[in-house]
Amino acid sequence: MPTNPAATSGSPLTALCPALRTALIRVGYDADTLVEALGPDVHAALGRSEPVPVRRAARAAGELGTLIRLLLLGDALPEREVAAALAPVRIDDAVAAGLLTRDGDELSAALDLRPLDTGSGTRWILSDLDDSMRRRTLTEDHVLGVGHASLSLLRATPTVPVGTVLDLGTGCGVQAVHAAGYAGRVTATDVNARALWLAQATAALNELDIELLEGSWFEPVAGRRFDQIVANPPFVVGPARIEHTYRDSGLALDGASELVIGQAPELLAPGGTAAMLAAWVHVEGQDWRQRVSSWLPEHGVDAWVVQRDVADPALYVGTWLRDAGLDPRDPAAQARAEQWLEAFDAAEVEGVGFGFVYLHAIDGPTELMAEDLVHGFDDPLGNEAAAYFARSAWLRAVAADDNLAWTSRFAPSPATALERVYLPGEHGWTEEVARLHRGDGPRWQHEVDESTVALVAGMRPDGLPLYELLELLALADGAEQVTPEFAAQALGVVAGLVRHGLVRPV
């Protein structure tokens, strides 16, 4: 099985971690204390890559302020100040390990080291320095730190306790560290040896035992099965080239997403779940849902795909050029953009979609729900994904025996509200639409007619089963019995409300 030698034999950076952990704890270099020391406004400036307000606040924060300036702002500081803040770390050891660089009597950070609350208290994440505070040119083997995409995946990952987790393409190890909070055993892979070097140190710094394997895609774990897979793969859509391993797969267009989505099911244990970020092209005359659907196996997967955004080609290319530290106005960057957009034109790409893909191993034909979630919402999707698959399992049982639905009692979710929209008309206010609106999670909305409003109004845990509610509705409408057409229509409406958590069987 392919392995990373550094991951098995250790490295000077890993050896430094026990003393470094002691220093970080002593100084209070953790997520909560950082906010307290800087204040919420200055901490927000840190997130906006504005160093001046942070530097001003850090000067009054003692040794914690020294670490903030050294590790988060990239300032060069006198060696005596750094030595005091990092004690008991020996500065010569830190330089030899690659954590710091020395220039005369001053020291600078050679790596990014920042605290992050992943849900199990503060963890520390080591990665390469980015250009958020200082202009830098990123190398091909650059190891990305905690960015917006990785934070999105953290919030979107189910954290139901499981036995084993695979973090595919671990990078700096942030997803693996997160997984250690809910999994019995974590395995992390990457094709980039430098990423595994940093992930190993990140694991050691947090006193976590993570299995690290070097290799391409799923090759290091071929033949194994996992209860959960998480992946933030190099999904950037573009020509088949590799400029930065953290984002470029070497596969044309959305080939990386196709590979991961198509092969992940083979590594899921029965009942296992995968949570991943992915991107897909919108091609002229083609439904993006059909494109993603074609990547899935015909059997064994319940898939939920959530599209969060669609970018036009020019915006997409410009965004990723800046991500690599390039100025789109630079002639070399313009040439790269020209090639990129030409590749999009050749493939008739109208836009690039981005979102979350959840896969759940089932025993039956593959099912796919692919939908847009472009409106704002605050709740993380991780809990919602677990609940979605539980609701989906219930709906599969109903499909096999609709008597289960007819004899079940239902209740609206506590967060479900009825909205009626009125607009001014010729004779006063005229109702235009009625909606059932879920006020938590993804904030789903369903337009409903008055029959559905009445049906949901009659749902309660101690109330009538669904079919008896339909009989009452039929009588209220002057019908003697429930027609097959009315029953089928009602069941379809209820199934849709259940799938999105607006009502639930009780």
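Numbering starts at 1 and runs along the sequence shown.
Contact of the Arg114 side chain with the Leu72 side chain is registered, since non-hydrogen atoms from C-beta on lie closer than 4.5 Å. The shortest side-chain heavy-atom distance between Val317 and Phe344 falls under the 4.5 Å cut-off. In this structure the side chain of Cys172 never reaches within 4.5 angstrom of the side chain of Arg194, judged on heavy atoms. In this structure the side chain of Leu71 never reaches within 4.5 angstrom of the side chain of Asp112, judged on heavy atoms. Contact annotation: the side chain of Leu151 approaches that of Leu116 to within less than 4.5 Å [non-hydrogen atoms, C-beta and beyond]. Side-chain contact check for Phe226 versus Leu268: every heavy-atom pair is 4.5 Å or farther apart. Here the side chains of Leu198 and Asp128 are in contact, with some heavy-atom distance below 4.5 Å. Residues Arg322 and Pro328 have side chains in contact (heavy-atom distance under 4.5 Å, counting atoms from C-beta outward).
Nearest heavy-atom pair across Ala361 and Ala269 is CB-O, 3.6 Å. Considering every non-hydrogen atom in both Pro442 and Leu373, the closest pair reads O-CD1, 3.4 Å. Of all heavy-atom pairs between Glu214 and Ala193, the closest is OE2-CB, 3.9 Å. Among all heavy-atom pairs drawn from Ala31 and Thr122, the shortest one is N-OG1, 3.1 Å. Listed here is the closest heavy atom pair of Val260 and Met276: CG1-SD, 3.5 Å. Counting all heavy atoms, side chain and backbone alike, Pro115 lies closest to Leu34 at CG-CD2, 4.1 Å.
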For this session: Test side chain to side chain contact (heavy atoms under 4.5 Å, CB included) on Thr170 and Ile210 and set out the steps.
Result: CA-CA 11 Å; Thr170 190; Ile210 296 173; over 6 Å; no

For this session: Could you walk me through whether Glu50 and Arg56 pass salt bridge (Lys or Arg N to Asp or Glu O under 4.0 Å), step by step?
Result: CA-CA 11 Å; Glu50 298 173 7; Arg56 289 168 58 87; over 6 Å; no

Problem set entry | Verdict with reasoning, Leu107 to Ile91, per side chain to side chain contact (heavy atoms under 4.5 Å, CB included) | CA-CA 9 Å; Leu107 293 168; Ile91 295 302; 3.5 Å; yes

For this session: Evaluate the criterion side chain to side chain contact (heavy atoms under 4.5 Å, CB included) for residue pair Arg391 and Arg499; output intermediate values, then yes/no.
Result: CA-CA 6 Å; Arg391 298 192 298 262; Arg499 187 173 296 278; 5.5 Å; no

Exercise. Do Gln228 and Thr273 pass the side chain to side chain donor-acceptor pair (under 3.5 Å) test, and can you show the C-alpha distance, the side-chain angles, and the key distance before you say yes or no?
Worked result: CA-CA 5 Å; Gln228 186 152 301; Thr273 300; 5.0 Å; no

Exercise. Are Trp280 and Gln307 close enough, and set up right, to give a side chain to side chain donor-acceptor pair (under 3.5 Å), and what steps lead you there?
Worked result: CA-CA 9 Å; Trp280 39 82; Gln307 182 167 261; 2.7 Å; yes

For this session: Mind running side chain to side chain contact (heavy atoms under 4.5 Å, CB included) on Trp288 and Asp372 for me, showing each step along the way?
Result: CA-CA 11 Å; Trp288 70 270; Asp372 289 287; 4.2 Å; yes

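Side chain of Tyr358 to main chain of Ala156: a donor-acceptor pair is present (N/O by atom type, distance under 3.5 Å, no hydrogens or angles). Panel note: side chain Gln175, backbone Ser150; a donor-acceptor pair is recorded below 3.5 Å. Asp75 contributes no side-chain N or O that, together with a main-chain N or O of Leu77, makes up a donor-acceptor pair within less than 3.5 Å. Side-chain N or O atoms of Ser293 include none that pairs as donor or acceptor with a backbone N or O of Arg289 at under 3.5 Å. A distance-only check finds a donor-acceptor pair linking the side chain of Asp190 to the backbone of Gly171 [under 3.5 Å]. At distances below 3.5 Å, not a single donor-acceptor pair connects side-chain atoms of Tyr316 with backbone N or O atoms of Val236. Of the possible polar contacts, none joining the Asp167 side chain to the Ala188 backbone as a donor-acceptor pair under 3.5 Å is found. Asp312 contributes a side-chain N or O that, together with a main-chain N or O of Leu315, makes up a donor-acceptor pair within less than 3.5 Å. In this structure, Arg48 contributes its side chain and His43 its backbone to no donor-acceptor pair below 3.5 Å. Checking side-chain atoms of Ser216 against main-chain N and O of Val191 turns up no donor-acceptor pair under 3.5 Å.
Atom CZ of Arg80 sits in a sparse spot, with 12 or fewer heavy atoms from other residues, nucleotides or ligands closer than 6.0 Å. By the neighbour-count criterion of 12 heavy atoms within 6.0 Å, atom CG of Asp345 is densely surrounded, having more than that number from other residues, nucleotides or ligands. The neighbour count for Arg59 CZ, taken as heavy atoms of other residues, nucleotides or ligands under 6.0 Å away, is above 12.
For the atom pair Leu277 CG and Arg308 CZ, the distance stands at 12.0 Å (nearest 0.5 Å). Within the model, atoms CD1 of Ile68 and OH of Tyr29 stand 7.5 Å from one another, a figure rounded to the nearest 0.5 Å. From Cys17, atom SG reaches atom CH2 of Trp124 across 11.0 Å, with rounding to the nearest 0.5 Å. Residue Leu70 holds its CG atom at 10.0 Å from CD of Glu81, rounded to the nearest 0.5 Å. Atom-to-atom distance recorded for Arg225:CZ and Thr164:OG1 is 11.0 Å, nearest 0.5 angstrom. Atom CG of Leu208 sits about 9.0 Å away from atom OG of Ser120, to the nearest 0.5 Å.
Using a cutoff of 4.0 Å between basic side-chain nitrogens and carboxylate oxygens, Asp254 and Arg291 are scored as salt-bridged. Salt-bridge check for Glu384 with Arg438: passed, with a basic side-chain N closer than 4.0 Å to an acidic carboxylate O. Salt bridge annotation for Asp92-Arg102: present, with a cationic side-chain nitrogen under 4.0 angstrom from a carboxylate oxygen.
Applying the salt bridge (Lys or Arg N to Asp or Glu O under 4.0 Å) rule to pairs touching residues 170-187 yields Arg185-Asp209, sequence neighbours excluded.
Test Gln445, Arg443, Glu371 against His500 for side chain to side chain contact (heavy atoms under 4.5 Å, CB included) and you get one pass: Glu371. Here the options are Leu113, Val174, Val143, the test is side chain to side chain contact (heavy atoms under 4.5 Å, CB included), and the partner is Leu126; only Leu113 passes.
Using modelled atom types, one finds a donor on one side chain and an acceptor on the other under 3.5 Å when comparing Thr33 with Asp30. Residues Asp302 and Ser392 bring a donor and an acceptor atom of their side chains to less than 3.5 Å of each other.
Judged as a side chain to side chain contact (heavy atoms under 4.5 Å, CB included), and not counting sequence neighbours, the contacts of Ala179 are Val165, Tyr182, Val186.
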